[in-house]
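Accompanying notes for the structure given below.
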There are 2 protein chains.
Amino acid sequence: MRPGVSKAERAREAAIPVLAEVFREHGYEGASLALLGDRTGLGKGSLYHAFPGGKAEMAEAVLDAIEAWFETRIYAPLRDEPDPRAALDRMLTETDAYFRSGGRACLVGVFALTDGRDRFAVRIARYFTGWRDALAAALTRAGFSSADAADRAEEAVSAIQGGLVLARALDDPAAFGRMLARLRLRLDPNGGATPGR
Amino acid sequence: MRPGVSKAERAREAAIPVLAEVFREHGYEGASLALLGDRTGLGKGSLYHAFPGGKAEMAEAVLDAIEAWFETRIYAPLRDEPDPRAALDRMLTETDAYFRSGGRACLVGVFALTDGRDRFAVRIARYFTGWRDALAAALTRAGFSSADAADRAEEAVSAIQGGLVLARALDDPAAFGRMLARLRLRLDPNGGATPGR
DNA sequence: CGCTCTCTGTACCGATCGGTACAATCTGCG
DNA sequence: CGCAGATTGTACCGATCGGTACAGAGAGCG
């Protein structure tokens, strides 16, 4: 079946989401090969066959997958969707779902704070600049001045990370939802104008 | 000299700030005893003599020291200073200095995101609730409604963590300063009323 | 079927992990 | 000085780290 797609390649694709979860929970150094092997159900032999570069290649593959996901599901719509308001709304919804309403940490944020920072600095920075710039583009199209859009975009990206840290620190995922609600107001061109009712 | 203060006790006090820095940079698991020993200049024998509980006790001592610092320098003034506006201003200034204008990570945030979370959950949560509640008290005294104060306090604590993550991710400490500037406006009872000039 | 190439479980590598034991040294004090 | 307790460097412990080697099992194909 599916010629051209080796078993190793399929195993690799199947393993990536699991590897991502382990890195998310334990950080780069904290994710041991034993743990990675257990959770993926792959022995050391298979793991190194699919990722000849070892743990570093696994982390790179995971970061690439994450970047691709955000690019297609969030950044591209922010840039290209005709209705910027719809794209902003979609971003908030997708973000809430992706981070499981605060129950899931951000792997890129975890890497940024601890080990992986030096090792994966370029990918880490690209994840955040990509989000910030795409968001700024949408905000500009939605009517904010260029400077205001840039400022709010940086604030939003920063706030999301803060919400995830706080949700985990307090063991209260709802803190993430409250942060998203505040964000929704602040990304609305009418925000604060008419508080409604 | 100084009777009652053993050499081990003095070594302990002197080591704590250094240990804190190492934990900050490498996380709990990433901070190896070898690294801890090198940076403090203490051999394994001395380290275990000062901290019989090993690495866990070192981390606990560091977390206690951090909590004490924030309690006296930030939380208590927020609660007790007669002029809440002055306390808020002091908080922002002290916070900027403590995190070296974005050049330093938050150890509690690092622990919350990775390893130490289960191990130090109580202390981690207390650090954030302490900050949030003291800040809410000051905001209430400054004129915000109780609900509004609570919401802004949570937002501020969250935003600070987000700013630190972003500053490290982009390797751009200035991102932390920009976040603090936004915060200053949002914690001002007159914020947004008269944008000035 | 039988050959070949892909895949994988297992044993093993040196290094390092956190922690312990202890003898040697230092220090304060009578 | 000389003793007792505090202090510390060093050797060592078993466990685990990331990574390698490789023999044998498995799969695809003529």
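Every chain is numbered from 1, with letters handed out A, B, ... down the list of sequences. Note: hydrogens, waters and symmetry copies are ignored here, and every other heavy atom, side chains too, is used. A quick note: this is a predicted structure, and the numbers were derived from the prediction, not measured.
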task: Find the distance L33(B):CG to dT16(C):C1' and express it as a whole number of Å.
output: 11 Å
query: Would one find a side-chain N or O of Y48(A) under 4.0 angstrom from OP1 or OP2 of dT8(C)?
result: no
query: Rounded to the Å, how far apart are R10(A) CZ and dT8(C) C1'?
result: 15 Å
message: Salt bridge or not between D83(A) and R141(A)? Use side-chain N to carboxylate O under 4.0 Å.
response: no
- prompt: Rounded to the Å, how far apart are D38(B) CG and dT16(C) P?
  reply: 12 Å
Reference residue E25(B); test salt bridge (charged side-chain N to carboxylate O under 4.0 Å, His left out); the match among R168(B), R39(B), R104(B): R39(B)
query: What nucleic acid atoms does A50(B) come within less than 4.0 Å of, heavy atoms only: base, sugar-phosphate, or nothing?
result: nothing
query: Within this structure, what is the CZ-to-P distance between R119(A) and dG18(D), rounded to whole angstrom?
result: 11 Å
query: With a non-hydrogen cut-off below 4.0 angstrom, is A31(B) in contact with a base, only sugar-phosphate, or nothing?
result: sugar-phosphate
task: Could you check how far NE2 of H26(B) sits from P of dC17(C), rounded to whole Å?
output: 11 Å
message: Taking the six-membered ring of Y28(B) as reference, does the cationic atom of R119(B) (NZ for Lys, CZ for Arg) lie under 6.0 Å from its centre and within 45° of its axis?
response: no
- line: Rounded to whole Å, the CG-P distance (L47(B) to dT20(C)) equals 13 Å
message: Can you tell me which nucleotide in dT8(C), dT10(D), dG18(D) comes closest to the side chain of K55(A)?
response: dG18(D)
- prompt: Between H49(B) and dT8(D), does any side-chain N or O lie under 4.0 Å from OP1 or OP2?
  reply: no
message: Looking at every heavy atom in both E29(B) and K55(B), which two are closest together, and how far apart are they?
response: O-NZ, 3.5 Å
task: Find the distance L42(A):CG to dG9(C):P and express it as a whole number of Å.
output: 8 Å
query: Taking the side chain of K44(A) as its heavy atoms from C-beta onward, which of dG9(C), dT20(C), dG18(D) lies nearest to it?
result: dG18(D)
Along DNA chain D (nearest heavy atom to each residue), the more 5'-positioned of L35(A) and P52(A): L35(A)
- request: Let me know the distance between CG of D115(A) and C1' of dC17(D), rounded to the nearest Å.
  value: 14 Å
Single hit among F111(A), F23(A), Y127(A) for ring-ring contact (aromatic ring centres under 6.0 Å, His included) with F120(A): F111(A)
Distance below 4.0 Å between S32(A) side-chain N/O and dC17(D) OP1 or OP2: yes
